[in-house]
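To find a chain, count down the sequence lines: A is the first, B the second, and so on, and within it residues start at 1.
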Number of protein chains: 2
Amino acid sequence: MTDRTLRPPAPTSADVARRAGVSRATVSYALNDNTTARVSEATRARVRAAAEELGYVPNFAARTLRAGSNRTVLLPTPDIPVGPLFSRFLIELQRGLVRRGYAVVQYGAGDRAPGGVEQARAWAELRPAAVFGANGLSDEAVRVLRGAGVRALVAVASAPVPGLHTLVLDHSRVGAAAVAHLAQRGCRRIGVVVPAEPELAVFAGPRLRGAREAAAAGGAHAEPVDLAYTEESAAELAGRWRELGLDGVFAYNDEYAMLLQRALQDAGLEVPADVAVIGADDLLLGRLLRPRLSTVRIELPGGAPLSEAIDRLVRGPGEEPEVVGEVAVEVEWRESTGRG
Amino acid sequence: MTDRTLRPPAPTSADVARRAGVSRATVSYALNDNTTARVSEATRARVRAAAEELGYVPNFAARTLRAGSNRTVLLPTPDIPVGPLFSRFLIELQRGLVRRGYAVVQYGAGDRAPGGVEQARAWAELRPAAVFGANGLSDEAVRVLRGAGVRALVAVASAPVPGLHTLVLDHSRVGAAAVAHLAQRGCRRIGVVVPAEPELAVFAGPRLRGAREAAAAGGAHAEPVDLAYTEESAAELAGRWRELGLDGVFAYNDEYAMLLQRALQDAGLEVPADVAVIGADDLLLGRLLRPRLSTVRIELPGGAPLSEAIDRLVRGPGEEPEVVGEVAVEVEWRESTGRG
DNA sequence: TTGAAAGCGGTACCAA
DNA sequence: TTGGTACCGCTTTCAA
């Protein structure tokens, strides 16, 4: 039984060359508008036509192998659903990078341990020019990636990571801003929602820490309260709110805040009179609540400056780790913490 | 001026071979646990150690080039922020595929026209085994991808696409389900929200079409109403609701529905007495409204069966286009359309 | 202006 | 059990 594949193999530059009656070199020159070797207009047209007719597409692997490098930026796909804020940020970043001639590849980890060598190896195989979002890497993982020639390793982290470039996004400042605001509005016993969903722990931890520090500084007390993203959990928490004796709450983000505020109201508590509520992310939906939800706005850098920074890091020989951007947070004061 | 790169080049299998005192072939055998060529335990250990010490990672491009193919599934990144529903779906699909040994690559289009040859070429360069989400491709684009040896082209579309495999997600059925429900609840003049955001037109169009068909079938009238995702737009629309004379509205999805319901209430209309409201997507937040928001639940297939189907298509020689899955929709009846 | 040929890194056949 | 080597497709130097 002949194992002849039904599908013909993809056309190569040799096929194009044959069809156009030129050499493979000429095909390469013609299609890449190479300036060093000047190809006549006539030949170029013949080559273009042949390529078109055959549906020729250059083989990325071969090109990469030959060139030795790769205008590819790797964005490790987060393994938790991302909110609209971050989703928009990624799209913008992607646009910026593509504009600068990079291919942007979001690479899924599957079940591999985040930050581990396994994952680093999977990334390193692709020999990307940069990895954006190289968070929580072990030293070994960094070594592997560096060894594979990755030019720029950019982490998104709360503080500059030694040896890496960093986009500073300090979640503790989100918690701090929220709780400072509550303390300033007169709250003394402040709940801090810690989502029960384990995949959110990486954000929830720092937010809680920041909240605690701000509470201490503002002469208030911060009390962690667990909350799962379900109506039942919210109702249960609201049910024992009076015995908790909390007069304010930072609810992790706007979605948890909306959930909790509704539950608190259903339990007969007045917002903000009995308990002030603040979220984070500045979702439009938070403004629809009554009272309108106060929130901590997180201002991610735009795609343009960030992609410019990445491009610079990739080209530049500079080895010094640098901070490629800083994320600002600001409180948006609305009715749920007593405005108006 | 010597252009010596500061960074040493990435170690190759030749480096490993040298260090372990064996040939490149043996390195390949040892590291890939090749069964045809049996390598002694001792050599294998030496090779492993050498690879480890050097931080060797095989070059994906070289491997791909040699193998001629690629266990890669391409997921074109949508260029609009995705909701939690679809985001979760993608993560699940990704997990499933990685488990089956595929590398999942989300590839951003940047500014390239969707469905065009440009885009197809960019994808084809990578020689992926499959493309999931190959929507709206021109014939030419399909030809290019086929020619590049892509085994499985799966579109997500409202109906089986001739020549492609399809995950059937018919947005018209979302609109139809919503409006049929409203008609059944007694609505006769039904508004159908059409988001002003142009990137949503691909979904809004079919939803409106389905809504119209269902209205006709239910003896009602469907009236498209424009709405941007801002409070101002919602207030403006709500302000002229009485003159529109609509007694029900399908608000495109839950987010627009929440926005509109709030605006309608602020304009003094009773939901559902004056106007019944239904969204889509079954977001948790919709349940927090008062009245609770009715919605159309969209049941995407799980990652496991879908990745199994993709795997089968990639391996299988079968050329017949097939439907790899069907998305069901179901109305979740709550208070905003009169339940309770 | 074009062609011949080397070589990128890894795999797999054939020989030893 | 291991080594030598051809080859995957493309780019680029050198020669013609």
(message) Do A:Ile80 and B:Arg88 have side chains that approach each other closer than 4.5 Å (heavy atoms only, starting at C-beta)?
(response) no

(message) I'd like to know if the side chain of B:Asn32 reaches the main chain of B:Ser28, judged simply by a donor and an acceptor atom lying under 3.5 Å from each other, with no hydrogens or angles considered.
(response) yes

(request) Taking all heavy atoms of B:Ala124 and all of B:Ala148, pick out the closest pair and write down the distance. (result) CB-CB, 3.6 Å

(message) Rounded to whole Å, please give me the gap between CZ in B:Arg46 and P in D:dT1.
(response) 14 Å

(request) Using whole Å, report how far CZ of A:Arg18 lies from P of D:dG9. (result) 11 Å

(message) So if I define the base as every atom that isn't primed, P, OP1 or OP2, how would nucleotides 7-16 of chain C read as a B/S/- string at a heavy-atom cutoff under 4.0 Å?
(response) BBBBBBB---

(message) Between A:Thr43 (side chain only) and A:Val39 (backbone N and O only), is there a donor and an acceptor less than 3.5 Å apart?
(response) no

(request) Please round to 10 degrees the angle between the axis of the first five pairs and the axis of the last five pairs in the helix from C:dT1-D:dA16 to C:dA16-D:dT1. (result) 40°

(request) Not counting sequence neighbours, which residues clear side chain to side chain contact (heavy atoms under 4.5 Å, CB included) with A:Asp33? List them please. (result) A:Arg44, A:Arg48

(request) Check side chain to side chain donor-acceptor pair (under 3.5 Å) between A:Arg24 and all other residues, then give those that pass, not counting sequence neighbours. (result) none

(message) Just the rounded figure in Å: distance from C1' of D:dC10 to CG of A:Asn70.
(response) 14 Å

(request) Can you sort out the partners of A:Tyr56 under side chain to side chain donor-acceptor pair (under 3.5 Å), two or more places apart, ordered by chain and number? (result) none

(message) Expressed as a whole number of angstroms, how long is the span from A:Arg38:CZ to D:dT12:C1'?
(response) 18 Å

(message) Test: salt bridge (charged side-chain N to carboxylate O under 4.0 Å, His left out). Region: residues 117-138 of chain A. Which pairs qualify, not counting sequence neighbours?
(response) A:Glu125-B:Arg63

(message) Counting only side-chain nitrogens and oxygens, does A:Thr43 get under 4.0 Å of the OP1 or OP2 atom of C:dT2?
(response) yes

